[in-house]
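What follows is a short report on a single structure.
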Amino acid sequence: MKPIIGITVDCRYKPEDARTHGDFKQNWNYPEMIAEAGGVPFVIPPMADMNEVAQIIDGWMIPGGDDMNASRFGEENHPKVVLQDPKRYDAEAALWEAVPSEMPVLGICYGCQFLNVVRGGTLIQHLPDVVHHENHSGGTLETISLKVGSKTAQAVGTTTPKGKSYHHQAVGRLGEGLAVSGCHEDGTIEAFEATDRPWLIAVQWHPERTPDDAETKHLFRAFVEAAMAYKTGKGSA
């Protein structure tokens, strides 16, 4: 059987809307890459019981999204932030608490930032204020330098992947149990991995938007393979 990969979603909660109460969505390319890598994508809405979900899934991918409220890491919001519905963060924080530490986790863009914040880190709220350019936004194809021997480099299959960037925020102070595994030449943290979990990797770029690249295929395949190993171990426990 294939591993089940949970994918949390963007949401807009509108209780005042009597017709819908809001909506949630997910870009097609995230589950598409999981399916092509051999996993079964499983979309997780924010109102799901995360303790139950944690027992169903074999891996968790946290995709891109808007900005989280800076109060999550003790700051006031920058004027440039576009806030994510807080119910998304609440749901993902609940799932983070519920999933076993052995379960593989992959964070992408917002997912990278979420994993840093949920582990006590901070964000650079508007990266151009620090690097003095806006090259990280708008789909710029950038070259990332990954640390030799890192889990991230092994998963991607190279130490110099190229990826499209669509972010104006980035990792600030690194959270607990995390180690930087990749940076842009301007010093922006582009990847990190857990030092206290067997497979947790976060990337700031969007690999799902370069679906034909070998690095992209390698990363998603490595993630799904790790989830399969977790599933197998779970079944034999």
Side-chain angles (χ1 to χ4, degrees), residues 1-8 30-44 50-51 53-64 92-121 144 146-159 161 163 171 174-183 189-208 213-237:
M1 296 179 65
K2 296 179 178 180
I4 297 173
I5 307 298
I7 308 173
T8 38
Y30 288 111
E32 182 177 44
M33 295 308 302
I34 293 298
E36 289 184 359
V40 178
F42 181 88
V43 176
I44 305 169
M50 296 306 172
N51 289 309
V53 168
Q55 297 180 54
I56 296 169
I57 62 176
D58 306 305
W60 176 23
M61 181 169 67
I62 312 168
E92 289 171 332
L95 185 54
W96 171 256
E97 291 297 323
V99 298
S101 60
E102 296 81 14
M103 182 184 293
V105 178
L106 174 63
I108 296 174
C109 198
Y110 164 91
C112 172
Q113 297 163 11
F114 167 82
L115 287 170
N116 189 55
V117 171
V118 82
R119 303 210 73 172
I144 313 302
L146 299 179
K147 290 186 177 180
V148 175
S150 65
K151 293 177 183 177
T152 309
Q154 292 171 9
V156 174
T158 179
T159 57
V171 171
L174 205 62
E176 295 180 6
L178 303 176
V180 174
S181 53
C183 290
I189 295 174
E190 291 285 344
F192 62 74
E193 56 195 48
T195 59
D196 57 356
R197 300 169 74 102
W199 210 102
L200 181 150
I201 290 174
V203 298
Q204 187 60 69
W205 73 93
H206 280 268
E208 83 286 356
D213 287 2
E215 298 99 321
T216 291
K217 294 179 183 296
H218 210 289
L219 175 59
F220 283 105
R221 189 162 53 245
F223 173 47
V224 170
E225 287 174 354
M228 187 67 221
Y230 169 77
K231 179 183 183 71
T232 301
K234 182 174 62 173
S236 61

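Counting from 1, the numbers follow the sequence of the chain as shown.
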Derivation and outcome, side chain to side chain contact (heavy atoms under 4.5 Å, CB included), residues Ile34 and Phe42: CA-CA 10 Å; Ile34 293 298; Phe42 181 88; over 6 Å; no

Atom pair CD/CE of Glu208 and Met61 - distance to nearest 0.5 Å: 7.5 Å

Kindly say whether Pro198 contributes a backbone atom to a donor-acceptor pair with the side chain of Lys151 at under 3.5 angstrom? yes

Arg119 side chain to Glu176 main-chain N or O, any donor-acceptor pair under 3.5 Å? yes

Kindly compute the distance separating OH (Tyr230) from CH2 (Trp199), expressed to the nearest 0.5 Å. 14.5 Å

Any idea which heavy atoms bring Glu193 and Ser150 closest together, and the distance? OE1-CB, 3.6 Å

Is a side-chain donor or acceptor of Glu190 paired with a backbone partner of Ile144 at a separation under 3.5 angstrom? no

Any donor-acceptor pair under 3.5 Å linking the side chain of Tyr30 with the backbone of Gly64? yes

Using a cut-off of 6.0 Å, state whether more than 12 heavy atoms not belonging to Glu36 lie near its atom CD. yes

Give, for atom CD1 of Ile5 and atom CG of Asp58, the distance between the pair rounded to the nearest 0.5 Å. 6.5 Å

Of Leu146, Val156, Ile108, the residue whose pairing with Val203 passes side chain to side chain contact (heavy atoms under 4.5 Å, CB included): Ile108

Heavy-atom pair with the smallest gap, counting every atom of Ala179 and Thr195: CB-CG2, 3.7 Å

To the nearest 0.5 Å, tell me how far Ile57 CD1 sits from Lys231 NZ. 11.5 Å

Whether the side chain of Lys147 engages the backbone of Ala153 through a donor-acceptor N/O pair (distance < 3.5 Å, no angle test) should be reported. no

Looking only at non-hydrogen atoms, find the nearest pair between Trp60 and Phe223 and report the distance. O-CZ, 3.6 Å

Residues, nucleotides or ligands: over 12 heavy atoms within 6.0 Å of Lys217 NZ: yes

With a 3.5 Å distance limit and no angle check, can you tell me whether Arg197 reaches the backbone of Pro100 through a side-chain donor-acceptor pair? yes

Show the nearest heavy-atom pair for residues Pro3 and Met228, with the distance to one decimal. CD-SD, 3.5 Å

Answer with yes or no whether the side chains of Ser181 and Thr152 bring together a donor and an acceptor at under 3.5 Å. yes

Distance check, rounded to the nearest 0.5 Å: Asn116 atom CG versus Gln204 atom CD? 10.0 Å

For residues 98-110, the side chain to side chain donor-acceptor pair (under 3.5 Å) pairs (sequence neighbours left out) are Glu92-Tyr110

For Pro31, give me all partners under side-chain contact (heavy atoms from CB on, under 4.5 Å), at least two apart in sequence or on another chain. Ile7, Gln26, Pro41

From Ile56 CD1 over to Ile44 CD1, what is the distance, rounded to the nearest 0.5 angstrom? 8.5 Å

Under the side chain to side chain contact (heavy atoms under 4.5 Å, CB included) criterion, do Phe220 and Leu106 qualify, and how do the steps go? CA-CA 9 Å; Phe220 283 105; Leu106 174 63; 4.0 Å; yes

Tightest non-hydrogen contact, residues Trp205 and Ala191, listed as CZ3-CB, 4.2 Å

Residues which pass side-chain contact (heavy atoms from CB on, under 4.5 Å) with Ala202, listed by chain and number, not counting sequence neighbours: Cys112, Leu115, Phe192

